[in-house]
Amino acid sequence: MASAIVSLSSVSSISLQPHAKGSKNGIGNVSSPFPKSKGKHALTKVKCMVATVKVSRFEGITMAPPDPILGVSEAFKASTNEKKLNLGVGAYRTEELQPYVLNVVKKAENLILERGENKEYLPIEGLAAFNKVTAELLFGADNPVLKQQRLSTVQGLSGTGSLRLAAALIQRYFPGSKVLISSPTWGNHKNIFNDAGVPWSEYRYYDPKTVGLDFEGMIADIKAAPEGSFILLHGCAHNPTGIDPTPEQWEIIADVIQEKNHIPFFDVAYQGFASGNLDADASSVRLFAARGLELIVAQSYSKNLGLYAERIGAINVLCSSSDTAARVKSQLKRIARPMYSNPPVHGARIVVNVVGNPNLFNEWKEEMEMMAGRIKSVRQKLHDSLTANDKSGKDWSFILKQIGMFSYTGLSKTQSDSMTNKWHVYMTKDGRISLAGLSAAKCEYLADAIIDSFYNVS
Amino acid sequence: MESVFGSIAQAPEDPILGVTVAFNKDTSPVKLNLGVGAYRTEEGKPLVLNVVKKAEQLLINDPARKKEYLPIVGLADFNKSSAKLILGSDSPAVLENRVATVQCLSGTGSLRVGSEFLARHYHQRVIYVPLPTWGNHLKVSHFGGLEVKSYRYYDPTTRGLNFQGLLEDLNSAPSGAIVLLHACAHNPTGVDPTLTQWEEIRKLMRSKVLLPFFDSAYQGFASGSLDADAQSVRIFVADGGECFVAQSYAKNMGLYGERVGALSIVCKTADVASRVESQLKLVIRPMYSNPPIHGASIVATILKDPDMYHEWTVELKAMADRIISMRKQLFDALTARGTPGDWSHIIKQIGMFTFTGLNAEQVSFMTREYHIYMTSDGRISMAGLSSRKVQDFVL
């Protein structure tokens with residue numbers, strides 16, 4: 001043991017040994033380097049000012065819980081049961097339950113490789129060609145708002161990153177303004193607004209009695225919100241419920257928002273994935289734009305182009321003038337710079353090569369229809385299996401009325417847990433299942449699991 | 001119709017990235033961009049490393065390759081390899097699983113995630129940055145929730161390190177304060193402490209229980225040796241203490257636009273590292289959910305394959321050597337011209353940047369009259385120079 005006396009004011013030049021492993025120091029306890037020796041020459045225990053931190057500065061940090069959505073996949077991976085089924089995260093799977101890279105994406109990547117483009121920094125606002133095509137995809141290439149240059153588009157890190165940029169803009173320029181989010185909504189929405197420092201509250205949305213939309217509640221809550229609130233709307237394929245307003249209902253929602261001078265804030269993560277048609281899925285956004293309203297739209301290419309891990313999306317702010325749009329863009333840049341400087345180039349290039357290329361664009365539409373089609377067909381099959389196997393005569397048709405990747409089963413948390421613990425079906429605790437992870441072959445099994453959990457678990 | 005966004009003012013262009021914006025708008029045939037730190041070949045062209053092209057070929061041609069979401073912490077192989085690269089593969093911290101590493105968006109993203117984590121979980125919210133430092137450090141730290149103070153660093157009279165000032169300022173910092181350190185090739189000055197000075201800094205910081213936060217954006221790029229450029233970080237880790245390291249692969253692998261980097265937090269114990277990692281995920285998820293896969297898979301491919309790794313070190317050294325040679329040529333040209341003043345700082349400084357000593361007005365003049373673009377603090381990027389351009393620049 002070192003016999004050097006460590007002086008209070010200077011650090012010795014000996015290399016400092018980490019203290020004996022396994023010695024559990026409590027927080028704030030400092031152990032002495034000198035062992036208590038027995039016998040005549042017992043050293044007085046020297047309390048020394050430590051030369052290094054004996055205990056971690058981060059000792060008090062607790063283990064954070066796993067992410068409620070992404071954690072489901074982790075749990076699924078850890079399971080060794082052969083019957084296991086991952087209906088957790090919304091990532092498209094083929095009938096063979098394999099991840100799917102779109103053919104157009106492979107083609108686009110080969111084109112990019114052939115061209116041998118460089119890897120220079122993108123501008124803070126992202127790839128200009130990407131910003132152009134993404135706006136055209138969302139609003140329609142011939143939408144007057146584009147010609148009028150009233151749209152400010154900044155490439156963002158998929159849906160999450162784009163929402164975060166907008167949230168930061170709201171926090172900075174609309175201090176005190178609230179965002180209203182649907183009850184329920186995608187779990188990460190709250191986290192994004194919390195971390196951005198934006199207050200939020202909920203508007204009624206899901207009606208458990210009908211397993212449908214509580215339209216009256218929704219309208220009432222939007223009306224009751226303080227004027228100039230931001231109303232977060234799912235452009236199509238509501239996550240987690242799969243319940244979308246009808247076109248008529250969208251008109252009424254727009255009326256109320258207009259009346260209260262609220263700002264519509266769309267999250268568009270499933271354009272093309274809901275109905276299979278890109279334009280149809282953008283109709284809610286276009287309806288609002290056509291009314292001359294200012295609005296915000298976050299886009300993601302994770303699902304519709306299968307570019308999940310490339311993190312490609314955009315934040316769009318439609319303003320009443322081109323001058324304002326330019327200024328808004330400059331401020332979005334100012335938010336992005338201290339967060340990640342500039343966005344990743346690869347996913348942006350893929351989107352440009354698909355969406356901006358007429359041949360690949362058409363091919364993409366076909367692949368999209370195929371993916372959306374497969375989901376619609378397992379939806380039907382699940383419904384049919386439930387109806388056939390459930391002898392109580394319960395009406396499961398709500399599953400057919402829902403749209404998109406997800407279905408809200410109406411299962412409670414304990415029932416969802418039983419789905420996992422007893423049936424090895426991995427899903428989120430709110431009763432959401434991702435049909436994208438369901439194969440036709442597994443529909444029977446899933447139906448049995450749902451019926452069992454619904455009736456036999458309270 | 002009046003806009004709800006009507007009161008939003010035009011933000012100025014970013015002082016560093018804005019230089020390239022202005023450069024691009026300039027139509028002069030003799031224009032020279034010595035602004036942003038992006039490597040250029042002798043021909044003035046951006047460079048994609050051969051080994052990077054190879055790695056990309058392999059990835060894109062791999063039929064089994066998927067684009068599924070990475071975990072929130074990023075690509076596991078990438079994280080492991082990155083920690084080993086900066087800390088050394090035989091580092092006890094690595095072997096003892098005491099390092100929490102998360103893939104982030106290059107250096108900026110790593111610094112931002114680290115700052116946010118500290119603002120939430122650390123008792124000291126103040127970070128000391130060197131004077132001067134990369135402009136974005138101040139913004140990243142501030143928006144990450146930290147209070148920014150500075151410590152003396154650059155001495156304009158010697159164009160070297162103000163070591164006494166540095167020690168004094170760190171000595172008077174409150175116990176536990178976070179200290180930002182440039183691991184090598186200080187940006188913007190190019191002035192680095194010697195190893196002996198680093199050792200003194202380490203001792204002082206440990207005695208004051210200051211928390212080191214390294215920004216390592218130029219490993220391998222400064223001296224040409226990956227290990228040499230990591231020494232500052234490694235001597236801190238070797239003493240068993242804790243530290244943060246933000247790594248970037250923008251320059252040393254030329255992966256600028258792919259946004260690849262990592263944040264490593266070296267902790268006292270594996271248990272702490274595991275809890276720290278779980279909390280880092282809570283910072284990342286509401287920011288962008290999980291990081292981009294492309295650049296990280298390129299890095300992982302290269303770092304894991306001994307032949308590709310070797311190829312990389314050779315290409316890296318070539319880049320570093322070209323910059324060192326530019327320094328020499330610039331110094332020789334200035335000296336040959338009999339330009340008044342001592343220009344030895346140009347060859348004493350290290351890395352991509354040199355502090356010319358020009359002030360904002362003089363910089364403006366250089367841009368207006370000669371179409372030479374640089375940041376207003378007089379920093380020039382040596383990477384933007386070529387043998388021919390050196391002559392133009394000197395004139």
Side-chain angles (χ1 to χ4, degrees), chain A residues 10-11 15-16 18 51-53 55-59 61-64 67 70 91 99 101 109-110 113 118-122 124 157-158 160-161 164 173 188 191-192 195 228 263 292 294 306-311 319-321 324 327-328 330-331 333-334 337-341 344-347, chain B residues 1-6 8-11 14 17 38 46 48 56-57 60 66-70 72 105-106 108-109 112 121-122 136 139-140 143 203 206-207 209 211 239-242 254-259 267-269 272 275-276 278-279 281-282 285-289 291-295:
Chain A
S10 74
V11 177
S15 77
L16 300 157
T52 53
V53 180
V55 172
S56 172
R57 305 146 207 264
F58 307 106
E59 182 58 48
I61 287 178
T62 56
M63 183 66 86
D67 183 88
L70 302 176
V101 178
E109 280 193 309
N110 280 311
L113 203 61
N118 66 45
K119 294 190 180 298
E120 293 301 285
Y121 289 126
L122 284 179
I124 303 174
L157 292 148
S158 204
T160 308
R164 181 62 180 263
Y173 292 102
N188 205 25
N191 300 329
I192 293 168
D195 275 23
I263 300 115
E294 292 184 306
L307 293 176
Y308 308 94
E310 302 288 353
R311 316 312 294 133
C319 308
S320 60
S321 74
T324 308
R327 284 181 277 123
V328 166
S330 74
Q331 294 297 344
K333 283 164 67 171
R334 215 167 135 237
R337 175 54 159 160
M339 212 183 269
Y340 50 82
S341 280
V345 66
H346 194 67
Chain B
M1 169 202 159
E2 222 191 270
S3 170
V4 292
F5 307 108
I8 292 181
Q10 177 79 30
D14 181 85
L17 302 175
V48 179
E56 239 183 347
Q57 284 274 8
I60 288 179
K66 301 296 174 210
K67 293 196 178 295
E68 294 303 290
Y69 288 126
L70 285 179
I72 301 173
L105 282 108
S106 206
T108 307
R112 178 62 180 262
H121 297 288
Y122 190 54
N136 206 22
K139 287 179 259 189
V140 172
F143 288 109
K203 283 194 277 204
R206 293 313 196 192
S207 76
V209 200
L211 179 63
D239 71 14
E242 298 178 315
L255 292 173
Y256 307 92
E258 302 287 356
R259 319 309 294 130
C267 307
K268 268 299 187 181
T269 67
V272 169
R275 286 182 269 129
V276 162
S278 75
Q279 294 290 347
K281 286 158 78 168
L282 295 190
R285 175 56 158 157
M287 209 186 270
Y288 50 85
S289 283
I293 193 173
H294 196 66

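Only this structure's heavy atoms are used, side chains among them; waters, hydrogens and symmetry mates stay out. Owing to the predicted nature of the structure, the values given are computational and were not obtained by experimental measurement. Chain naming here is simple, since letters A, B, ... match the order of the sequence lines and numbering starts at 1 in each.
A/Met63 and B/Gln279 get closest at one heavy-atom pair: C-NE2, 4.2 Å. Considering every non-hydrogen atom in both A/Gln331 and B/Gln10, the closest pair reads NE2-C, 4.0 Å. The shortest heavy-atom contact between A/Tyr308 and B/Lys67 is CB-O, 3.2 Å. Closest heavy-atom contact between B/Pro292 and A/Glu310: CB-O, 3.9 Å.
Of the listed residues (A/Gly306, A/Gly228, A/Pro99), the one with the most heavy-atom contacts under 4.5 Å to chain B is A/Pro99. In terms of heavy-atom pairs under 4.5 Å with chain B, the best-connected choice from A/Val101, A/Leu122, A/Ile263, A/Leu113 is A/Leu113. Interface remark: of the candidates A/Thr62, A/Asn110, A/Ile124, A/Thr62 forms the most heavy-atom pairs closer than 4.5 Å to chain B. Comparing A/Glu109, A/Arg327, A/Met339, A/Lys333 by heavy-atom pairs within less than 4.5 Å of chain B, the highest count is held by A/Arg327. Looking only at heavy-atom pairs under 4.5 Å with chain B, the residue among A/Asn191, A/Asp195, A/Thr324 that has the most is A/Asp195. Considering only heavy-atom pairs separated by less than 4.5 Å from chain B, the leading option among A/Ser341, A/Gly347, A/Cys319, A/Ala91 is A/Ser341.
If you take CD1 on A/Ile192 and CZ on B/Arg285, they are separated by 8.0 Å, rounding to the nearest 0.5 Å. Taken to the nearest 0.5 Å, the OH atom of B/Tyr256 stands 12.5 Å off from the NZ atom of A/Lys119.
Using cut-offs of 30° and 60° for the angle between ring planes, the B/Tyr122 and A/Phe58 rings count as tilted.
The parts of A/Arg337 that come within reach of chain B are both its backbone and its side chain, each placing non-hydrogen atoms under 4.5 angstrom from that chain. Heavy atoms closer than 4.5 Å to chain B are found in both the backbone and the side chain of A/Ile61. Both the backbone and the side chain of A/Asn118 come within contact range of chain B, with heavy atoms under 4.5 Å apart.
Distance alone, capped at 3.5 Å, is enough to place a donor-acceptor pair between the B/Arg112 side chain and the A/Pro338 backbone. Side chain of A/Glu294 to main chain of B/Val4: a donor-acceptor pair is present (N/O by atom type, distance under 3.5 Å, no hydrogens or angles).
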